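See structure below.
What you see is a predicted model; the values in this text were computed from it and never measured. Numbering of ligands and ligand atoms starts at 1, following listing order. Counting begins at 1 with the first residue of the sequence.
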Amino acid sequence: MRVEFLGGVRTVTGSATLLEKGSLKWLVDCGMFQGGKELEKRNWKIQPYRAKDLSFILLTHAHIDHSGLIPKLVKEGFQGKVICTKATLDLCEVMLQDSGHIQEMEAEWQNRKGKRAGKGEAIPLYTAKDAEKSLRYFQPVAYGEIVQLAEGVKARFQDAGHILGSAIIEIWVQEGAGEKKIIFSGDLGNFDQPIVRDPSIIEEGDVLWLESTYGDRFHKSREETVQELLKIVQEAISHRAKVVIPAFAVERTQDIVYTLGQAIRSGTLPLIPVYIDSPLAISATEIFKKNSDCFDQETQDILSGGENPLEIPGIRYTRTTEESKAINEDTRPGIIVSASGMCDSGRIQHHLKHHLWREESHIVIIGYQAEGTLGRRIVDGATTVKLFGEQIAVKARIHTLGGFSAHADQKGLLNWVSHLRNPRLEVFVNHGEEKISLGLSQLVSARFHFKTSVPQWREKRPLFIDVEKEVPDEEVKRAFLPEEPLSVLLNRLDRTYKRLRRKLKREKKRGEDVDRQRWWRQVGEIHQKLEELEKEIE
Ligand SMILES: [Zn+2]
Ligand SMILES: [Zn+2]
């Protein structure tokens, strides 16, 4: 088998891994890169995915950094199945279309700006319509069910405890006379969080992809974190101020609602307005309610007691822009929860513009803030930030509460890994900033003596080259030659072009019946690709 690391390596976003077994090719995750222009350029370099050749995509969960390029892949000719849990499919339905909208809006904005600068037309990565079309390729599977994917390849989705529908994926492949098992941790959640079930324990496996988002961090306990949040809210109430919480529309928002609900119901917090100002979060909350079979026992118990943990006294879900604007006219102390979670887009930006400069306001960061995002700049202590072309002073109190994270911390990750028994397990550490992945890789290697590494973007590697068979190094090297320099590839392209012209001339002379229509179309496609190449070289 062979593997190519297409994303989510030495960075947190863009998760995607290409697996090849003979002529069978498939992806695990197909995520979008987010956080800065340089990184996001990779979203356009989709050719290495070879969409038409892929038989299926196994999707760990609905977050855009795992699912966000699926519509683009479908646009590029992907015809296979996207296999995921039912809740993931439900969430993708709203999240991918939302992502398509954002892409369209960004292209529109670029074009308005670009026209004035005399630049060419920007096109969206994909549209909401493309996203909708891509949904028909999705095929839901149940947790725990073993699915036969192809001759000699089967998979099983297990609880990852990260967001609704999230999964650890186990893949079994027939290798020679035996069977090998690959595990993708996906994004791993914490053990004691509300709503979703805890991550499943996995004991057997030969190769593991291990996420490392918080591989260097220790979260405070949930109880401590909740107390901290309640203290902030109480302080805001006493100063008649607002608490602004940027939150990912899925899971973090519902988690906060759940937590505030318990505090308000028990009387720890007085009845105050809680605004959930994110259409995506509202749709996601509806999907949560529809998929209550994914809830943990504690949440199930609340439900069967006749209460809805996602409906709390004083909560207002605001869908329209008018409703959203009206929030700023409410002078009472209260809480505003809005997306996007990393503050890079969406309504949260309006609330930040309204509150960052006010000393009495509180901004509570509860989720991961990737490098290059506005949220990260705020956490890192920026004194001013730019919003809608305006410099805004950061005077509000900024709080970071790690305990609400949807990702396990170092202790949680190591604890989960500790259950794996195969002493010859190979571990690829991914989904983390470079330094953090490298650190966790060393730690796992030192503690469990597994063979660990942190792959590079676009790196290709063989899998299951049996050490016992002692395949000579030379042979491995020959099978996986290093990539040729760009100049060599371009020269080859130039030679191919000349050969094509000669051949075309010869065929025309011979009066052979060439399929002009097809040639025309094919040349058109190549032309487009060359233009993209040109843009990239610029
Ligand atoms: Zn995630
Ligand atoms: Zn992720």
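Figure legend: Arg197 and Tyr143 shown as a cation-pi pair, the cationic atom lying under 6.0 angstrom from the six-membered ring centre and within 45 degrees of its axis.
The six-membered or imidazole ring of His407 lies away from that of His219, with a centre-to-centre distance of 6.0 Å or more. Two rings, from His362 and His355, have their centers 6.0 Å or more apart.
In terms of distance to the Zn ion (ligand 1), the nearest N, O or S atom of His63 is named ND1. Closest to the Zn ion (ligand 2) among the N, O or S atoms of Asp65 is OD2. Summary: NE2 is the N/O/S atom of His431 found nearest to the Zn ion (ligand 2).
Evaluated for a salt bridge (Lys or Arg N to Asp or Glu O under 4.0 Å) with Glu204, the options Arg156, Lys180, Arg421, Lys181 yield exactly one hit, Arg421.
With hydrogens and angles left out, the side-chain atoms of Thr60 and Asp29 include a donor and acceptor closer than 3.5 Å.
Angle OD2(Asp187) to the Zn ion (ligand 1) to NE2(His162): 100° [nearest 10 degrees].
Coordination check, His61 versus the Zn ion (ligand 1): passed, since an N/O/S atom of the residue sits under 2.8 Å.
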